[in-house]
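For the numbers below, each heavy atom of this structure counts, side chains included, while hydrogens, waters and symmetry mates do not.
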Amino acid sequence: QESWNFGIIQSPFYKQAQIFINAIAIPAFCFISGYLYEYFRINFNKYKNTLQFISSKAKRLIVPYIIWYCYIMYFFPGRCNLFGIFYSIDHLWFLLMLMWCFLFSSLCIKFLEKSPLILDIIIFLGFSFLFIIGNHFNLLPSFLCLNMFVLYFPAFFLGILFAKYNVTD
């Protein structure tokens, strides 16, 4: 059987552009999510009730994750199993990663409100270092997409810092 090895998908330029866009898109989205979270929390007094915030995010992120996972499991049998829900498939990892970012940030927000700039920078560098070491030695668990959380949390946290210190003004 002959395969179709032509077209834009086989173009080296397209492949390089795709790698470049993927390297920018998710970190940029995480940065914007972190920025907007902190911006609305500071300027509009939102998200003050941590339990209510976490519940709201779970409804918006975890419930769709479970629904889509069940959909994929039902309509594409053999593609995943029941225990795969703890490891994600396809694009669904993003929902778990974002939930971890919001959960971690909201649980640490009281500490982050009072932390000085130098400590915030050290925390950012610490998470960046954790990502580099964990990724290099493959130490990060894929369970519940914790590896993706560690990968993209520095961008999310940087967004929080930009909003906290009004860097965009």
**Asked** Got a second to check how far I122's CD1 is from L117's CG, nearest 0.5 Å?
**Response** 10.0 Å
**Centroid-centroid distance, W93 to Y152, less than 6.0 Å** = yes
**Prompt:** In terms of hydrophobic clusters joined by side-chain contacts under 4.5 Å, are L36 and L161 together?
**Reply:** yes
**Message:** For L103, run the side-chain contact (heavy atoms from CB on, under 4.5 Å) check against L98, I54, L61 and tell me which one passes.
**Reply:** I54
**Asked** What's the verdict on side-chain contact (heavy atoms from CB on, under 4.5 Å) for L130 and F153, showing C-alpha distance, side-chain angles and the deciding distance?
**Response** CA-CA 10 Å; L130 178 66; F153 185 73; over 6 Å; no
**Message:** Give me the atom names and distance for the closest heavy-atom approach of C80 to I72.
**Reply:** SG-CG2, 4.2 Å
**Message:** Main chain of L95, side chain of Y65: is a donor-acceptor contact present, judged purely on distance under 3.5 Å?
**Reply:** no
**Request:** Report yes if some heavy atom in the side chain of I66 is under 4.5 Å from a heavy atom in the side chain of I85; otherwise report no.
**Result:** yes
**Request:** Could you tell me how the ring of W68 sits relative to the ring of Y71: parallel (under 30°), tilted (30 to 60°) or perpendicular (over 60°)?
**Result:** perpendicular
**Prompt:** Quick one: are the ring centres of Y47 and Y37 less than 6.0 Å apart?
**Reply:** yes
**Asked** How far apart are the C-alpha atoms of I67 and C70, what are their side-chain angles, what is the distance that settles it, and do they pass the side-chain contact (heavy atoms from CB on, under 4.5 Å) test?
**Response** CA-CA 5 Å; I67 290 171; C70 292; 6.0 Å; no
**Pairs where residues 16-42 contributes a residue and the test salt bridge (Lys or Arg N to Asp or Glu O under 4.0 Å) is met, not counting sequence neighbours** = E38-R41, R41-E113
**Asked** Taking all atoms of both residues into account, what is the closest heavy-atom pair of L96 and S88, and its distance?
**Response** CD1-CB, 4.4 Å
**Item:** K48 atom NZ: more than 12 heavy-atom contacts under 6.0 Å
**Value:** yes
**Asked** Any sub-3.5 Å donor-acceptor pair from S56's side-chain atoms to Q52's backbone N or O?
**Response** no
**Request:** Check whether L140 and I133 end up in the same hydrophobic cluster, where Ile, Leu, Val, Met, Phe, Trp and Tyr are linked by side-chain heavy atoms less than 4.5 Å apart.
**Result:** no
**Request:** Please check if the distance between the ring centroids of F156 and F104 is under 6.0 Å.
**Result:** no
**Item:** Gap separating the CZ atom of F162 from the CG atom of L158, nearest 0.5 angstrom
**Value:** 5.0 Å
**Item:** Taking every non-hydrogen atom, the tightest pair across F131 and L151
**Value:** CE1-CD1, 2.7 Å
**Prompt:** What pair of heavy atoms forms the shortest contact from F124 to P154, and how long is it?
**Reply:** CE1-O, 3.3 Å
**Asked** Side-chain heavy atoms under 4.5 angstrom apart, residues restricted to Ile, Leu, Val, Met, Phe, Trp, Tyr: same cluster for M99 and F40?
**Response** yes
**Reported CG-to-CZ distance for the pair L82 and F86, which is rounded to 0.5 angstrom** = 7.5 Å
**Request:** Might you point out which heavy atoms bring T50 and S106 nearest each other, and give the distance in Å?
**Result:** CG2-O, 3.8 Å
**Prompt:** Would you find a donor on one side and an acceptor on the other, under 3.5 Å apart, between the side chain of S55 and the backbone of L51?
**Reply:** no
**Asked** Within the distance-only criterion (no hydrogens, no angle test), does the side chain of K164 pair as donor or acceptor with the backbone N or O of D120 below 3.5 angstrom?
**Response** no
**side-chain hydrogen bond (donor to acceptor under 3.5 Å, both in side chains): pairs with one or both residues in residues 72-86, sequence neighbours excluded** = R79-D90
**Same cluster (ILVMFWY, side-chain, under 4.5 Å), L119 and F127** = yes
**Item:** Any residue meeting ring-ring contact (aromatic ring centres under 6.0 Å, His included) with F129, in chain and number order, not counting sequence neighbours
**Value:** none
**Spatial distance of atom CG (L146) from atom OH (Y87) [nearest 0.5 Å]** = 10.5 Å
**Request:** Please round to the nearest 0.5 Å and tell me the distance separating atom OG of S128 and atom CD1 of I121.
**Result:** 11.5 Å
**Item:** Worked check of side-chain contact (heavy atoms from CB on, under 4.5 Å) between Y35 and V167
**Value:** CA-CA 10 Å; Y35 180 86; V167 174; over 6 Å; no
**Cluster link I42 to I32, ILVMFWY, side chain under 4.5 Å** = no
**Prompt:** side-chain contact (heavy atoms from CB on, under 4.5 Å) between L144 and F149: does it pass, once the steps are laid out?
**Reply:** CA-CA 9 Å; L144 295 176; F149 161 69; over 6 Å; no
**Request:** Could you tell me which non-hydrogen atom of S105 sits nearest to which non-hydrogen atom of I160, and how far apart they are?
**Result:** OG-CD1, 3.5 Å
**Prompt:** What distance do F102 atom CZ and I109 atom CD1 have between them, rounded to the nearest 0.5 Å?
**Reply:** 11.5 Å
